[in-house]
Amino acid sequence: MVNLLYRRVVSTKNVNNGVVADIFSELADLLELKGEQPFKVVAYRRAANNIRRLDTPVEELVGTAQLLEVPGIGEAIAEKIREIVETGKLSLLEGLRSELDPGLKELVTIPRIGPKTALLLYNKYGIRNRRQFEQALADGTLVSKGFSAVLAKSIQTALSQIGESSKRMLLIEATDAAYTLLDSLQQANGYDFRVCGSLRRAKDTVGDVDIVALPTVPERKLQPLALELEKMNGSFLAKGESKISWLTPHGVHVDIRLANKENIGAMALYFTGSKEHNVKLRTLAMKKGLKLNEYGLFRDSDGDLVAGASEEEIYRTLGLQYIEPELREDTGEIEQAESGKLPTLVDDGSIQGDLHAHSTWSDGSSTLEEMATAAEKLGYKYLVFTDHSKSESVAHGMTEAVLRRQATAIEKVRSKHPKLEILHGSEVDILRGGKLDYDDATLATLDFVVASLHRKFSSDTNLLTEAVVNALENRYLKVLAHPTGRLLGRRGENGIDLDKVLVAARRNGKAVEVNGQPRRMDLPWMWVKRAVEEGVKLALDSDAHTTGELLNMQFAVKNARKGWAGAKDVMNSVPNVAKLLR
DNA sequence: GCCGTTTTCGGCCCGACTGTTTTCAGTCG
Ligand SMILES: Nc1nc2c(ncn2[C@H]2C[C@H](O)[C@@H](COP(=O)(O)OP(=O)(O)OP(=O)(O)O)O2)c(=O)[nH]1
Ligand SMILES: [Mg+2]
Ligand SMILES: [Mg+2]
Ligand SMILES: [Zn+2]
């Protein structure tokens with residue numbers, strides 16, 4: 001009894017918006033499997049998306065009229081949220097979970113298998129999960145029992161080609177995959193290619209490569225491009241007049257859409273997405289007596305094309321400011337564009353220096369001299385060396401004595417690079433309780449202090465939050481580095497309460513990092529947006545461990561743009577070092 | 001299930017590709 005009560009108290013404290021959103025998202029998936037009305041499924045998905053993006057915890061909104069003001073939340077969903085907040089779960093979902101075999105959810109992850117086919121496989125062919133499906137596909141029993149041989153064949157080729165690469169790519173991997181492909185397609189002369197999708201929106205992970213092909217030769221369609229792809233040892237998932245879906249030899253999914261001069265704007269707009277952004281734009285168009293699709297913006301009354309050749313023209317005709325691709329996530333950009341209040345975003349040219357870089361003095365593999373030379377080449381006004389502190393022994397963290405020797409070494413490098421301000425900093429570990437890995441007397445000898453949590457010294461996230469908040473009180477600390485500690489595809493977030501951290505950062509006048517390492521992208525863009533809203537300054541940096549990795553700055557910039565950051569929000573957009581150090 | 005400055009009912013973004021569909025369902029973007 002006591003245990004039950006205890007658990008209840010704990011769970012009510014842990015129902016954050018992500019958890020609530022996941023519940024509605026799963027509910028939508030299971031209802032879809034059951035054949036529930038599609039609009040209901042869509043309604044739950046929409047509610048899930050809106051809850052995920054909400055700044056205020058729904059927990060605090062339960063029982064208030066504000067909850068019903070959230071788009072997509074009506075009486076029925078509000079009641080379900082109340083149940084989730086009070087009990088930690090949703091009985092409707094629990095019921096569906098026990099009713100529907102989890103194997104069904106596995107089946108719909110297979111290409112070409114949706115809810116209907118999954119149920120057919122389950123009920124008619126006795127396929128209980130993905131493993132059984134692959135088995136029955138391989139030994140031919142599925143087809144011999146009457147399953148479509150054509151469909152079976154095409155799923156089989158797709159599955160074998162996808163293999164291990166079914167996971168989402170890092171932004172840098174997708175960028176490389178896209179440009180490698182476009183390079184080899186230059187053979188198929190006669191097209192301009194535009195990269196769209198989540199890659200153009202600079203999401204931190206990318207599911208596939210979406211490309212619009214614009215023929216530069218009259219009468220040219222997709223056929224010559226398809227021929228070129230055929231030589232490349234991949235496989236086609238679909239091949240039509242307007243669209244090709246193709247898997248590279250490495251199993252990367254590529255979608256290609258054909259455009260022309262008149263519709264290239266509409267096509268790029270559609271193919272850049274996001275889906276939610278598209279749906280909202282199309283709904284807005286509808287309300288204005290217009291129709292938007294990938295071929296253009298059309299007047300309902302006479303069906304005439306009113307815009308289509310450029311994205312700018314389409315947004316303008318809809319009464320909107322131009323919306324940068326990074327912002328197209330339906331996090332309020334359409335509403336802000338309606339009233340002309342979108343920010344001017346930071347860009348590569350705003351960046352005056354790098355605030356987080358390593359050298360051979362800790363775990364970097366380029367020397368101070370090499371890093372300085374590279375930074376100078378990039379046109380930077382300053383570079384901060386932030387090698388690891390003593391507790392980071394796996395990363396060759398430096399003792400105080402080594403740190404002093406590094407100061408001397410940096411002094412020597414400075415004399416060779418008069419145009420670059422080289423700052424001696426450190427990436428100092430945040431220890432239990434918020435103590436920093438060097439004492440204040442040592443920190444006082446440094447020009448710039450970046451601090452980060454590298455080890456979860458406790459599984460209690462409250463203690464981690466407390467440590468970070470305390471660390472932010474330190475007078476020498478300038479930047480909180482990679483606040484969530486996530487490593488995309490490897491390790492989740494450390495679970496600290498970022499709301500509290502942002503409040504503490506603001507109170508103490510500290511910046512939070514936007515780390516450009518493709519595997520980190522930390523802060524994540526949604527939290528960058530929150531930081532900007534809270535007036536917390538951002539430190540964009542590369543966290544480079546080699547000279548080449550100084551270019552990670554481009555990803556930090558993209559991620560900051562995705563979080564609506566302008567140059568004024570970015571501390572290293574100031575050219576003047578004295579101002580930076582104030 | 002949600003929503004409304006024409007609606008409290010009847011709509012909900014819109015289209016490509018595939019298969020066996022001779023007029024559409026399923027899946028996907
Ligand atoms: N209007 C509309 N557009 C869609 C829909 N689904 C996808 N799109 C558009 C917007 C997407 O950004 C674009 C490419 O689709 P993808 O499935 O590749 O999604 P996206 O690239 O955004 O994310 P990803 O990282 O690939 O999962 O196609 C849809 O249901 N309706
Ligand atoms: Mg995509
Ligand atoms: Mg795609
Ligand atoms: Zn670092």
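Residue numbering restarts at 1 for every chain, and letters A, B, ... go by the order of the sequence lines.
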**OP:** Determine: side-chain N/O of A:Lys243 to OP1/OP2 of B:dA16, distance under 4.0 Å, yes or no.
**Re:**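 Indeed not, no polar side-chain atom of A:Lys243 lies that close.
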Between [N] ([atom2]) and [X] ([atom1]): distance, integer Å:
X	N	atom1	atom2	answer
A:Gln37	B:dC3	CD	P	17 Å
A:Leu27	B:dC2	CG	P	11 Å
A:Ile51	B:dG1	CD1	P	15 Å
A:Leu258	B:dG15	CG	P	17 Å
A:Glu241	B:dC17	CD	P	7 Å
A:Ile244	B:dC17	CD1	C1'	12 Å
A:Phe236	B:dC28	CZ	C1'	18 Å

Subject >> Set of salt bridge (charged side-chain N to carboxylate O under 4.0 Å, His left out) partners for A:Arg130, sequence neighbours left out >> reply: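 Expected list: A:Glu134.
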**OP:** Kindly write out the residues that satisfy salt bridge (charged side-chain N to carboxylate O under 4.0 Å, His left out) with A:Asp204, not counting sequence neighbours, or none if the list is empty.
**Re:**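 A:Asp204 satisfies salt bridge (charged side-chain N to carboxylate O under 4.0 Å, His left out) with A:Arg486 once adjacent residues are dropped.
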**OP:** Sort out the partner of B:dT8 for me: Watson-Crick or G-U wobble, both distances under 3.5 Å, none otherwise.
**Re:**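 The answer is none; no pair meets the criterion.
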Original post:
For A:Glu99, what residues pass the side-chain hydrogen bond (donor to acceptor under 3.5 Å, both in side chains) criterion, not counting sequence neighbours?
Top reply: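 Applying side-chain hydrogen bond (donor to acceptor under 3.5 Å, both in side chains) to A:Glu99 gives A:Lys34.
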**OP:** Keeping to residues at least two apart or across chains, list the ring pair (Phe, Tyr, Trp, His ring centres under 6.0 Å) pairs with something in residues 110-151 of chain A.
**Re:**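 Matches after skipping sequence neighbours: A:Tyr125-A:Phe147.
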Base, sugar-phosphate alone, or nothing: which one does [X] contact when heavy atoms must sit under 4.0 Å apart?
X	answer
A:His277	nothing
A:Pro71	sugar-phosphate
A:Ile110	sugar-phosphate
A:Ile73	sugar-phosphate

**OP:** Pull out every residue in residues 197-207 of chain A that has a heavy atom closer than 4.0 Å to any atom of DNA chain B, ordered by number, or say none.
**Re:**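 Hits under 4.0 Å, by residue number: none.
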**OP:** For DNA chain B, find the residues of residues 111-122 of chain A with a heavy-atom distance under 4.0 Å and give them by number; none if there aren't any.
**Re:**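 Contacts with DNA chain B under 4.0 Å: A:Pro111, A:Arg112, A:Ile113, A:Gly114, A:Pro115, A:Lys116, A:Thr117.
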**OP:** Look up atom CG in A:Leu92 and atom OH in A:Tyr44, then write down how far apart they are to the nearest 0.5 Å.
**Re:**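 Taking CG in A:Leu92 and OH in A:Tyr44, the distance rounds to 6.0 Å.
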Using the [atom1] atom in both, what is the distance from [N] to [M], to the nearest Å?
N	M	atom1	result
B:dC12	B:dC17	P	24 Å
B:dC14	B:dT21	P	30 Å
B:dG1	B:dT7	P	25 Å
B:dC13	B:dG4	P	14 Å
B:dT20	B:dG15	P	26 Å

Subject >> Min side-chain heavy-atom separation A:Leu290-A:Asp300 under 4.5 Å >> reply: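 No - every pair of side-chain heavy atoms lies 4.5 Å or more apart.
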**OP:** Flag the pair A:Leu90 / A:Ile81 as yes when at least one side-chain heavy-atom distance between them is below 4.5 Å, and no otherwise.
**Re:**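 Result no, sub-4.5 Å side-chain heavy-atom pair not found.
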Subject >> Per A:Ile77 side chain, nearest of listed nucleotides B:dC17, B:dC2, B:dG29 >> reply: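 The answer is B:dC2.
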Subject >> Under the side chain to side chain contact (heavy atoms under 4.5 Å, CB included) test, residues paired with A:Val150 that sit two or more places apart >> reply: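 Testing A:Val150 for side chain to side chain contact (heavy atoms under 4.5 Å, CB included), a comparison that skips the adjacent residues, returns A:Ser148.
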Original post:
salt bridge (Lys or Arg N to Asp or Glu O under 4.0 Å): which pairs involve residues 103-116 of chain A, sequence neighbours left out?
Top reply: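 Residue pairs with at least one partner in residues 103-116 of chain A: A:Glu26-A:Lys105.
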**OP:** Among residues two or more places apart or on two chains, list those pairs meeting salt bridge (Lys or Arg N to Asp or Glu O under 4.0 Å) that have a residue in residues 325-343 of chain A.
**Re:**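 Those involving residues 325-343 of chain A are A:Arg53-A:Asp330, A:Arg201-A:Glu329, A:Lys280-A:Asp330, A:Lys280-A:Glu335, A:Glu311-A:Arg328, A:Glu326-A:Arg561, A:Glu329-A:Lys562.
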**OP:** Let me know, please, whether A:Leu68 or A:Arg257 comes out on the 5' side of the other along DNA chain B by nearest nucleotide.
**Re:**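 Whichever sits nearer the 5' end wins; that is A:Leu68.
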Original post:
For A:Tyr322, which residues count as a ring pair (Phe, Tyr, Trp, His ring centres under 6.0 Å) partner, sequence neighbours excluded?
Top reply: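 A:Tyr322: ring pair (Phe, Tyr, Trp, His ring centres under 6.0 Å) contacts with A:Tyr315.
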Original post:
Taking only residues two or more places apart in sequence or in another chain, which ones pass ring pair (Phe, Tyr, Trp, His ring centres under 6.0 Å) with A:Phe271?
Top reply: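 A:Phe271 satisfies ring pair (Phe, Tyr, Trp, His ring centres under 6.0 Å) with no residue once adjacent residues are dropped.
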Original post:
Does any donor atom in the side chain of A:Asp192 or A:Thr216 lie under 3.5 Å from an acceptor atom in the other side chain?
Top reply: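 Checked: A:Asp192/A:Thr216 side chains show no N/O donor-acceptor pair below 3.5 Å.
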Quick one: which protein N/O atoms are closer than 3.5 Å to N/O atoms of nucleotides 10-14 of chain B? Pair and distance per line, please.
residue : atom : partner  : partner atom : Å
B:dC13  : O2   : A:Arg282 : NH1          : 2.8
B:dC14  : O4'  : A:Arg282 : NH1          : 3.0
B:dC14  : O2   : A:Arg282 : NH1          : 3.2

